[in-house]
A.B. asks: 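Encoded as structure tokens, here's the structure I'll be asking about.
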Number of protein chains: 2
Amino acid sequence: MSLRHAILVLLQDQEASGYDLAREFANSIGLVWNATHQQIYLELGKLSEQDMVRYRHVPQEGKPDKKLYSLTDAGRAELVRWLKKPAGPARIRDAFMVKVAGGALADTQVLLSELDTLAKQRRERLATFEALAQRLDESGRDENVYNYLTVRRGILDQRAWLQWAEEVRHSLEHRSADSTAS
Amino acid sequence: MSLRHAILVLLQDQEASGYDLAREFANSIGLVWNATHQQIYLELGKLSEQDMVRYRHVPQEGKPDKKLYSLTDAGRAELVRWLKKPAGPARIRDAFMVKVAGGALADTQVLLSELDTLAKQRRERLATFEALAQRLDESGRDENVYNYLTVRRGILDQRAWLQWAEEVRHSLEHRSADSTAS
DNA sequence: AGGCGCATGTAAACGGTTACATGATTTG
DNA sequence: CAAATCATGTAACCGTTTACATGCGCCT
């Protein structure tokens with residue numbers, strides 16, 4: 001399990017609430033590891049019990065109070081320990097790809113429109129990441145190497161996907177031109 | 001849940017045993033969806049109860065008997081139904097990426113050697129996929145569009161990862177040159 | 001003799017998703 | 001007035017991994 005380690009990594013840079021972490025998981029890191037807020041609150045609870053994180057209670061006006069979590073020495077030690085041992089292989093669950101593999105039975109039009117939807121999302125992400133990369137590049141490239149590399153991965157990933165999407169569109173459109181009778 | 005649909009897609013082309021499916025999940029489709037044999041046997045059991053697959057018992061000599069599964073009409077209908085509704089977003093769990101993001105605390109040498117290990121695996125996969133793509137391209141490109149596209153995704157994915165790995169190596173080597181004192 | 005490949009399975013533990021619940025403030 | 005944002009949480013369920021179990025044949 002390394003949801004816990006993903007959380008520790010995020011807390012390494014800055015104090016954050018469970019809510020903040022959930023947002024980060026939905027954006028940048030989300031490409032690489034995802035988690036819902038319930039999962040995060042649960043894990044923060046466990047980490048806190050095990051003294052790997054501590055929190056301070058921050059009352060707010062208008063908004064609900066928040067708990068700002070930060071790493072303890074034990075948490076940092078755990079992170080360091082984990083960083084040393086080899087990571088398991090990456091796992092993915094890409095339902096759309098399963099669909100393409102089973103495409104013979106699928107409605108080409110449905111696949112094409114879904115492809116468009118996904119491509120749009122990817123293009124938006126790509127823009128976000130490119131903007132982020134530029135900002136990181138301007139403001140001190142050496143301190144932010146790790147963040148920069150993470151974002152670069154996101155960029156290359158989106159581009160590869162979009163390129164593939166072009167190939168798919170080409171093949172499918174060619175294919176649907178054959179069978180305009182259906 | 002669409003492990004079930006991934007299985008249905010695989011059975012669409014050919015009869016297979018649980019063991020066969022597990023192998024396919026470990027290879028080609030594994031890039032896109034993964035599952036262990038226990039999960040597959042369990043799901044095949046459920047699919048069989050729901051009459052979406054049937055099996056014939058094949059006794060073998062020397063080796064244990066096997067059950068060869070194939071799609072029923074109900075199974076094919078379920079696949080078609082699923083293919084029509086939009087797929088959820090792709091999910092990934094890439095532990096190595098989490099490590100890079102938390103790289104400030106990591107030992108650069110450890111990261112670099114892990115990068116090498118992963119790069120080697122990716123290069124092997126890339127070679128496998130490229131060989132497969134060529135074979136598909138030669139033997140009738142139109143019948144195999146869907147398989148071909150799936151393999152293309154694998155190829156583009158490996159290339160993007162390897163390109164990223166080059167950037168990471170560059171950054172990390174540069175970085176470790178600074179602090180040869182450690 | 002030991003390990004790998006074939007082939008199937010059970011059981012327990014753990015990880016993760018979905019639904020539900022609350023409640024103030026801001027934005028359309 | 002409805003919906004989104006901020007902020008936290010519980011409970012039930014489902015999906016997934018890990019460990020255990022069996023047994024023959026082949027290769028080193």
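This is a predicted model, so every value here is computed, not measured.
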A.B. asks: Quantified as the angle between the terminal helix axes (five pairs each), what is the overall bend of the helix from C:dA1-D:dT28 to C:dG28-D:dC1 to 10 degrees?
C.D. replies: 40°
A.B. asks: Under a criterion of less than 4.0 angstrom to any heavy atom of chain A, what are the 5'-terminal and 3'-terminal contacting nucleotides of DNA chain D?
C.D. replies: D:dT5 to D:dT17
A.B. asks: Over all heavy atoms of both residues, which pair between B:L71 and B:R54 is shortest? Give the atoms and the distance, please.
C.D. replies: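 In terms of heavy atoms, the two residues are closest at O-NH1, 3.5 Å.
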A.B. asks: C:dG23 P sits how many Å from A:D65 CG, rounded?
C.D. replies: 14 Å
A.B. asks: Who passes salt bridge (Lys or Arg N to Asp or Glu O under 4.0 Å) against B:R152, sequence neighbours left out?
C.D. replies: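 For B:R152, the residues satisfying salt bridge (Lys or Arg N to Asp or Glu O under 4.0 Å) (neighbours in sequence not counted) are A:E167.
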A.B. asks: Tell me, which pairs form a side chain to side chain donor-acceptor pair (under 3.5 Å) where one or both residues lie in residues 83-103 of chain B, sequence neighbours left out?
C.D. replies: A:N34-B:R93, B:K99-B:E114
A.B. asks: Separation of A:F25 atom CZ from C:dT17 atom P, in whole Å?
C.D. replies: 11 Å
A.B. asks: Strictly by ring-ring contact (aromatic ring centres under 6.0 Å, His included), give each pair with a member in residues 122-152 of chain A just once, sequence neighbours left out.
C.D. replies: none
A.B. asks: Assign A:R91 to base, sugar-phosphate, or nothing according to its heavy-atom contacts below 4.0 angstrom with the strands shown.
C.D. replies: sugar-phosphate
A.B. asks: Output all residues satisfying ring-ring contact (aromatic ring centres under 6.0 Å, His included) with B:Y69, sequence neighbours left out; order by chain, then residue number.
C.D. replies: B:Y55
A.B. asks: Which residues, ordered by chain and number, are linked to B:Y19 in its hydrophobic cluster, where ILVMFWY side chains connect at heavy-atom gaps below 4.5 Å, directly or through other members?
C.D. replies: B:Y41
A.B. asks: B:E166 vs B:R169, test: salt bridge (Lys or Arg N to Asp or Glu O under 4.0 Å). Steps then yes/no.
C.D. replies: CA-CA 5 Å; B:E166 278 311 304; B:R169 179 174 293 116; 2.9 Å; yes
A.B. asks: Using the side chain to side chain donor-acceptor pair (under 3.5 Å) criterion, which residues pair with B:R123? Sequence neighbours excluded.
C.D. replies: none
A.B. asks: Transitive ILVMFWY cluster of B:L68 at side-chain heavy atoms under 4.5 Å: who else is in it?
C.D. replies: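 Besides B:L68, the hydrophobic cluster comprises B:V58, listed by chain and residue number.
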A.B. asks: Could you work out, with ring-ring contact (aromatic ring centres under 6.0 Å, His included) as the rule, every residue matching B:F96, not counting sequence neighbours?
C.D. replies: none
A.B. asks: What is the separation between atom NZ on B:K67 and atom C1' on C:dT8, rounded to the nearest whole Å?
C.D. replies: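 In whole Å, C:dT8 C1' lies 8 Å from B:K67 NZ.
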A.B. asks: Apart from A:L42 itself, which Ile, Leu, Val, Met, Phe, Trp or Tyr residues share its cluster (side-chain heavy atoms under 4.5 Å, direct or through members)?
C.D. replies: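 The other cluster members (ILVMFWY side chains, heavy atoms under 4.5 Å, direct or chained): none.
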A.B. asks: To the nearest Å, give me how far apart CZ (B:R23) and C1' (C:dC6) are.
C.D. replies: 9 Å
A.B. asks: Near DNA chain C, under 4.0 Å by heavy atom, which residues of residues 32-43 of chain B?
C.D. replies: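 Hits under 4.0 Å, by residue number: B:H37, B:Q38, B:Y41.
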A.B. asks: In whole Å, what is the span from the CD atom of A:Q60 to the P atom of C:dT26?
C.D. replies: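 In whole Å, C:dT26 P and A:Q60 CD are 12 Å from each other.
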A.B. asks: Return the 5'-most residue of the pair B:Y69, B:K63 with respect to DNA chain C, ranking by each residue's nearest nucleotide.
C.D. replies: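 Residue closer to the 5' terminus by nearest nucleotide: B:K63.
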A.B. asks: Would you tell me if any nitrogen or oxygen in the side chain of B:S17 comes within less than 4.0 Å of OP1 or OP2 on C:dC6?
C.D. replies: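 So the side chain of B:S17 is outside the cut-off, no N or O lying under 4.0 Å from OP1 or OP2 of C:dC6.
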